Amino acid sequence: MTANLTTLTLNNGVEMPALGLGVFQTPPDETRTAVEAALDAGYRHVDTAAAYGNEREVGEAVHRSGIPRNEIFVETKIWISDYGYDQALHGFEKSAAKLGVEQIDLLILHQALPSDFDTTLEAYRALETLLADGKVRAIGVSNFMVDHLTMLLEKATVVPAVNQIEVHPYFQQRQVQAFGAERGILTQAWSPIGGITFYRDGNHGSTLQDPVIGGIAAAHGKSPAQVMLRWHLQQGRSAIPKSTKAHRIAENIDVFDFDLTADDLAAIDALDTGQRGGPEPTAITLASFGRPIPEA
Ligand code: NDP
């Protein structure tokens, strides 16, 4: 029987739909239709970020859908330019106002700022305050490596519920995943179908054309994207695939009617190249990546 993998329970008991729609690089004028298509297709989780410039459109789609607010899990991220305690509290206010919500379901720090980790810690302390005040239902981080998590856990009073990191068959970060799992930090996969391996220039092949993934897909009568998403779900990860196209948005959530075998999972595990697609998390600085997040 196919396991029910639709929902994950975070370390504070909050339930999160395992699969969400990502909207990184979705232009604001296409965001509403993408989110509407996702909600129509059955998604109940959207992942945006202050830095994506489309929180307002995400919020509009959520409100116009008529679906009760508490049935849609809204996740967003504080950008590094808003780190520091007061700044991050204000970052929440900006995001909540743009989203048009009183409460954000999951608020995470977008990146560690290793060159100024104290402001990262202060921003996390702001998330803890927002959690205590009921302004957010869960808090977490993104792109935190083992060192960053270690330094954070030394100071934090709340263990992050989620660490959103690059995970796809070609880059799996198993050490970061295992470190998190031992401490109750759920791994959420960004670029879950390997988008970063094909939408940016570089020496990457495409996960979508990988012969191993293609073979597994053919055997199950599913697409390569569906196989990759099912791989995440069966290994206990959340995944937030992005598309602006209604048919792909629907395809990407049609992953609850089949099971990959242990051999399938192992074959995908074996595709890890160790080659990161996104920016090196230890090299993020305000000078290179900082930019102001507009007021609401
Ligand atoms: P994905 O792995 O989700 O891939 C997205 C790409 O795949 C797009 O080019 C999309 O094109 C295409 N695509 C989507 N579905 C299919 C399909 N079924 N078949 C073929 N092609 C498909 O990569 P992303 O990097 O976009 O990651 C997803 C989400 O993760 C982001 O939207 C964001 O929410 C989050 N993220 C977070 C980061 C962080 O630093 N925390 C960094 C990067 C992403 P099209 O739209 O044309 O369909």
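One-based numbering along the sequence shown. First listed ligand is number 1; within each ligand, the first listed atom is number 1. As the structure is a computational prediction, the values presented were derived from the model and not from experiment.
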Practice item. For Q226 and H220, run side chain to side chain donor-acceptor pair (under 3.5 Å): C-alpha distance rounded to whole Å, both residues' side-chain angles, the deciding distance at 0.1 Å, then the answer. Key: CA-CA 10 Å; Q226 290 171 326; H220 290 277; over 6 Å; no
Check your understanding: How close does the nearest protein non-hydrogen atom get to atom 24 (P) of ligand 1, and which residue and atom is it?
Key -> S191 OG, 3.5 Å
Check your understanding: Who's the nearest protein heavy-atom neighbour of atom 10 (C) of ligand 1, and how far?
Key -> K242 O, 3.6 Å
Practice item. Give the atoms of ligand 1, by number and element, whose distance to some non-hydrogen atom of V23 is under 4.0 Å. Key: 32 (O), 34 (O)
Review point. Going through the distances and angles, do H148 and Y124 end up as a ring-ring contact (aromatic ring centres under 6.0 Å, His included)?
Key: CA-CA 12 Å; H148 308 136; Y124 191 79; over 10 Å; no
Check your understanding: Of all the atoms in ligand 1, which lie at a distance below 4.0 Å from a heavy atom belonging to A225?
Key -> 17 (C), 18 (N)
Check your understanding: Any non-hydrogen atom of P192 lying under 4.0 Å from ligand 1?
Key -> yes
Practice item. Return yes if a side-chain donor-acceptor contact under 3.5 Å exists between E166 and S191, otherwise no. Key: no
Practice item. Work out whether the distance between some heavy atom of G278 and some atom of ligand 1 is less than 4.0 Å. Key: no
Revision key, fill the gap. Nearest non-hydrogen protein atom to atom 25 (O) of ligand 1, with distance, is Y199 OH, 2.5 Å
Exercise for review: Using modelled atom types only, decide if a donor and an acceptor are shared between the side chain of D47 and the backbone of T76 within a distance under 3.5 Å.
Suggested key: no
**Study point:** Close N or O approach (L208, ligand 1; < 3.5 Å)
**Key:** no
**Study point:** Short side-chain donor-acceptor distance under 3.5 Å, E36 and S65
**Key:** no
Check your understanding: Considering distance alone, does some N or O of I196 sit under 3.5 Å from an N or O of ligand 1?
Key -> no
Point to revise | Residue N143 vicinity, atoms of ligand 1 by number, heavy atom under 4.0 Å | key: 39 (C), 40 (O), 41 (N)
Point to revise | Protein residue, atom and distance nearest to atom 18 (N) of ligand 1, heavy-atom basis | key: N252 OD1, 2.9 Å
Point to revise | Protein contact to atom 42 (C) of ligand 1 [nearest heavy atom, distance to 0.1 Å] | key: W190 CD2, 3.2 Å
Review point. Do you see a donor-acceptor pair shorter than 3.5 Å between the side chains of S95 and E55?
Key: yes
Exercise for review: May I ask you to identify the nearest protein heavy atom to atom 45 (P) of ligand 1, giving residue, atom name and distance to one decimal place in Å?
Suggested key: R248 NH1, 3.3 Å
Check your understanding: Crowded around E102 CD? As in, over 12 foreign heavy atoms under 6.0 Å?
Key -> no
Exercise for review: Under the salt bridge (charged side-chain N to carboxylate O under 4.0 Å, His left out) rule, what do D264 and R230 come out as? Steps first, then yes or no, please.
Suggested key: CA-CA 11 Å; D264 293 337; R230 186 73 197 178; over 6 Å; no
Exercise for review: Number the atoms of ligand 1 from 1 as they appear, then name those within less than 4.0 Å of a heavy atom of G195, with their elements.
Suggested key: 1 (P), 2 (O), 4 (O), 23 (O)
**Study point:** Those atoms of ligand 1 less than 4.0 Å from some heavy atom in K77
**Key:** 41 (N)
Check your understanding: Nearest to atom 47 (O) of ligand 1, what protein heavy atom do you find, and at what distance?
Key -> K245 NZ, 2.5 Å
Review point. Angle class for the Y52/F24 ring planes (parallel below 30°, perpendicular above 60°, tilted otherwise)?
Key: tilted
Study note, to complete from the structure: Numbered in order shown, the ligand 1 atoms found under 4.0 Å of a heavy atom of Q164 are 35 (C), 36 (N), 37 (C), 38 (C), 39 (C), 41 (N)
Practice item. Could you list the atoms of ligand 1 found under 4.0 angstrom from a heavy atom of P241? Key: 3 (O)
**Study point:** Contact partition for I165 relative to ligand 1, non-hydrogen atoms under 4.0 Å
**Key:** neither
**Study point:** Nearest-contact summary for atom 28 (C) of ligand 1 - protein heavy atom, Å
**Key:** I240 O, 3.1 Å
Exercise for review: List the steps and the verdict of salt bridge (charged side-chain N to carboxylate O under 4.0 Å, His left out) for E57 and R32.
Suggested key: CA-CA 5 Å; E57 291 75 15; R32 227 178 51 214; over 6 Å; no
Point to revise | Q87 and E122: side chain donor to acceptor below 3.5 Å | key: no
Exercise for review: Name the orientation class of the two ring planes belonging to Y170 and H168 (parallel below 30°, tilted from 30 to 60°, perpendicular beyond 60°).
Suggested key: perpendicular
Check your understanding: Can you find a side-chain donor-acceptor pair between T261 and D263 that sits under 3.5 Å?
Key -> no
Exercise for review: Just let me know how E251 lines up against ligand 1, side chain, backbone, both or neither, with a heavy-atom cut-off below 4.0 Å.
Suggested key: side chain
